Every structure is written in C-alpha cells, then in structure tokens.
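What follows is a short report on a single structure.
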Amino acid sequence: MKRAYVVALTILLVVASGAVALGQSPKKPAAAGEDVAGTVAILDHVWLDAAHNHDGETAAWLFADNFVEIHPGGFLVTKQQQVDMIANTQLGELAIQSSDIQVRYASPDVAVLTDTTTIRGKQGETNYDGQYRVMRVFAKVQGRWRAAGAGIARITTAQ
Amino acid sequence: MRPIHVGALALILSFAPLAFSQTKSATAPAAAQDWKALDHKWLDSERTGDLNYLEKFFADSYVLVLANGQSYTKKEWLGILKGPDRPTLQVLDPENIQVHVFGNVAILTDHTTIKGHDSKGKSMDGEFNAFRVVIKKNGAWQATGVVMNPDLSKK
C-alpha cells in the first residue's frame with residue numbers, strides 16, 4: 001500500500017514538475033523548465049501527510065540521507081530518528097495542517113519555504129497542541145527533490 | 001516597529017560568529033568552505049552591527065524566525081538592527097557548529113549563547129539551538145533563513 005503510494009507520488013511529482021505551473025500560481029517565479037515552487041508545495045503536504053499517517057516509508061523516500069530537523073525545544077534529529085518517530089504507531093495521533101505556505105527561495109536545485117503548521121494532539125508525554133512556524137528546505141539530489149531539513153519554532157506571540 | 005524579543009537576539013547572535021574570519025565580502029573561499037568561520041562572521045556582524053556585511057550576506061529571500069515564532073524579512077530585520085530598537089548584545093556565540101551540505105544549499109546547526117538586552121533593558125540572555133540555511137548564488141554563500149529554538153535541555 002505504502003509502496004504503491006510512493007510510486008504514485010513519484011509519478012505525480014514528475015508530472016507536477018512540468019505541469020503544476022499551468023494550474024497554480026506559486027509566489028515565486030519558477031526555474032526554467034520546472035515549476036520548483038509548485039513541486040515543493042506538493043512535497044510540503046506529502047511530508048505532513050507522512051507524519052500524520054505514521055508513514056515511515058514515504059518519509060524515508062522523501063528525506064535526504066543527510067537530513068536534519070530541529071524540533072521545538074531545540075532537539076536535533078537525524079533522518080533515521082525522524083523516520084523512526086514518524087513510523088512509531090505507539091506514539092499518539094497528531095492532527096497536522098499547514099497553511100500560509102510561502103516559497104521564499106527557488107532555484108533549479110534548491111527551494112526554501114515557510115509555513116504555519118497547526119498541530120493537535122499528544123505523543124507520549126509531549127503535548128504538541130499549538131501553532132508552529134516552520135522552515136523547510138528542499139534540495140535536488142541526484143535528480144530528485146528531497147527534503148533536506150526543517151526548523152520548527154512554536155508560535156507564542158501574536159503575529 | 002515590533003519589539004525585539006529574546007528570540008531575535010538569538011538570531012542576531014547566530015549572525016555574529018562570522019566576525020572571526022574578518023572577511024569583507026560574503027564570498028566564500030572557492031575550495032573548502034570554512035563553515036565555522038562563516039557562522040562566526042555572521043553572528044559577529046549582527047552583534048557589532050556590521051550592516052554593510054549583513055546587507056550583502058543576507059539573500060533577498062532571507063527570513064528570520066525567532067524562538068517565539070515571530071518572523072522577520074531581510075528588510076524588517078535590518079531595519080531593526082539599524083534602528084532605535086536595536087538590541088545590545090554582549091555575547092552572541094555559536095558552538096557545536098555542524099553542517100549538512102546539499103550542493104547549492106547548506107544547513108548549519110549550532111548552539112548559540114546570547115547575553116544582552118533589548119532596547120528597553122529587558123534581558124535577552126538565553127541558550128538556543130539554531131537552524132541556519134545558506135544558499136550558493138553566483139559563487140557566494142548567502143544566508144536565506146534562520147529558525148531559533150530555546151535549548152530546553154539547558155533549563
């Protein structure tokens with residue numbers, strides 16, 4: 001099931017790379033021949049869906065080997081640690097939704113975007129309820145877009 | 001102008017480490033990039049107010065996310081550093097700098113110690129873990145984003 005999802009996702013992204021520009025209006029100009037902004041906006045949702053669905057296989061497919069993430073509280077995790085957390089069904093369910101996705105930088109092989117992610121739920125003893133400012137970095141590695149890393153800060157002040 | 005918070009100081013601090021390298025431009029060495037020097041120069045420039053350097057070093061896409069989730073664009077952040085609400089930073093020191101390079105983008109993580117106060121005298125002292133993103137454009141590395149987080153392991 002998950003393998004089929006990854007295959008379908010790969011096809012979708014290949015198509016999206018060339019065709020998303022026709023139907024969407026990313027906030028940054030696309031690199032020549034490819035709608036980078038549209039592609040990474042899709043990957044942003046894929047990332048959150050994988051986290052929500054405990055889909056470690058998709059997360060492993062998406063994350064670059066050298067992936068790094070800083071969680072709220074300043075905890076650094078590697079690709080393997082993050083994939084293991086996502087795949088761990090013993091942890092509680094989280095409702096995750098992103099909004100205000102802004103592609104801050106897009107080039108033929110790099111994209112940086114920010115979003116506001118709303119999380120509801122607990123995992124273990126940690127209550128994640130709240131809104132977070134998230135910076136996600138994507139890089140094209142060996143011809144395929146990968147998630148390179150993310151930094152997450154809990155929003156504690158009125159914006 | 002929005003008030004500066006501890007998170008903002010943390011970001012400033014993250015820019016300060018570059019000062020150690022004393023480079024006048026943001027252009028990186030052609031061969032092996034000295035990431036520690038870049039990080040120190042960055043934070044030192046924020047600490048000392050080297051706005052000429054920061055103007056070049058920050059990409060137009062630069063965005064700063066403080067530990068409280070407040071975000072600033074390049075224009076907004078440099079405006080604070082130039083203005084009357086500029087914080088006073090005695091210490092802006094990155095340690096344990098680690099780099100993850102993906103071609104034309106690199107992610108630096110570090111532990112940043114901030115000692116200082118905002119324009120109203122409120123302490124900005126704190127320990128932070130920083131997520132810094134630099135991109136390579138026209139052969140030079142430029143900062144395009146930072147996310148600060150309080151280091152709760154130090155509490």
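Per chain, numbering begins at 1; letters A, B, ... match sequence-line order. Computed from a predicted model, the values in this text were never measured in an experiment.
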Between B:Phe102 and A:Phe67, what is the shortest heavy-atom contact and its length? CZ-N, 4.2 Å
Tell me, side chain or backbone of A:Thr114 under 4.5 Å from chain B's heavy atoms, or both, or neither? side chain
B:Lys137: salt bridge (Lys or Arg N to Asp or Glu O under 4.0 Å) partners, not counting sequence neighbours: none
Side chain from CB out, backbone as N, CA, C, O: work out which of these in A:Asn66 comes under 4.5 Å of a heavy atom of chain B, or both, or neither. both
Nearest-0.5 Å distance that lies between atom CZ in A:Arg104 and atom OG in B:Ser71: 6.0 Å
Any chain of hydrophobic side-chain contacts (each under 4.5 Å) joining A:Ile155 to A:Ile152? no
Could you tell me the separation between the CG atom of B:Asp60 and the OH atom of A:Tyr105, rounded to the nearest 0.5 Å? 11.0 Å
Would you say B:Phe131 and A:Tyr132 are hydrophobically clustered, going by side-chain heavy atoms of ILVMFWY under 4.5 Å? no
Determine the option with the most heavy-atom pairs under 4.5 angstrom with chain B, choosing from A:Ala139, A:Pro72, A:Ala64, A:Ala148. A:Ala148
Taking atom CD as the centre, does A:Gln97 end up with more than 12 heavy-atom neighbours from other residues, nucleotides or ligands that are less than 6.0 angstrom away? no
With rounding to the nearest 0.5 Å, note down the distance linking CE in B:Met148 to CD1 in A:Ile70. 9.0 Å
Are B:Tyr53 and B:Ile80 connected in a single hydrophobic cluster, I mean Ile/Leu/Val/Met/Phe/Trp/Tyr linked by side-chain heavy atoms less than 4.5 Å apart? yes
Examine whether an atom of A:Val68 lies under 4.5 Å from a heavy atom of chain B, and if so say whether it belongs to the side chain, the backbone or both; otherwise answer neither. both
Does one hydrophobic cluster hold both B:Leu81 and B:Phe128, with members joined at side-chain heavy-atom distances below 4.5 Å? yes
Please report the interatomic distance CZ(A:Phe75) to CG(B:Asn149), rounded to the nearest 0.5 Å. 9.5 Å
Exactly one candidate in B:Asn68, B:Val63, B:Val65, B:Val147 meets side chain to side chain contact (heavy atoms under 4.5 Å, CB included) with A:Arg133; the answer is B:Val65
Between the side chain of B:Asn129 and the main-chain N/O of A:Gly73, is any donor-acceptor distance below 3.5 Å? no
Hydrophobic cluster identity match, A:Trp61 and A:Val40, side-chain contacts under 4.5 Å: yes
Inter-residue atom distance B:His111.NE2 - A:Leu76.CG, 0.5 Å rounding: 11.5 Å
Output for pair (A:Lys140 NZ, B:Asn104 CG), nearest 0.5 Å, gives 12.5 Å
A:Phe138: which residues meet the ring-ring contact (aromatic ring centres under 6.0 Å, His included) condition with it, sequence neighbours left out? A:Trp47
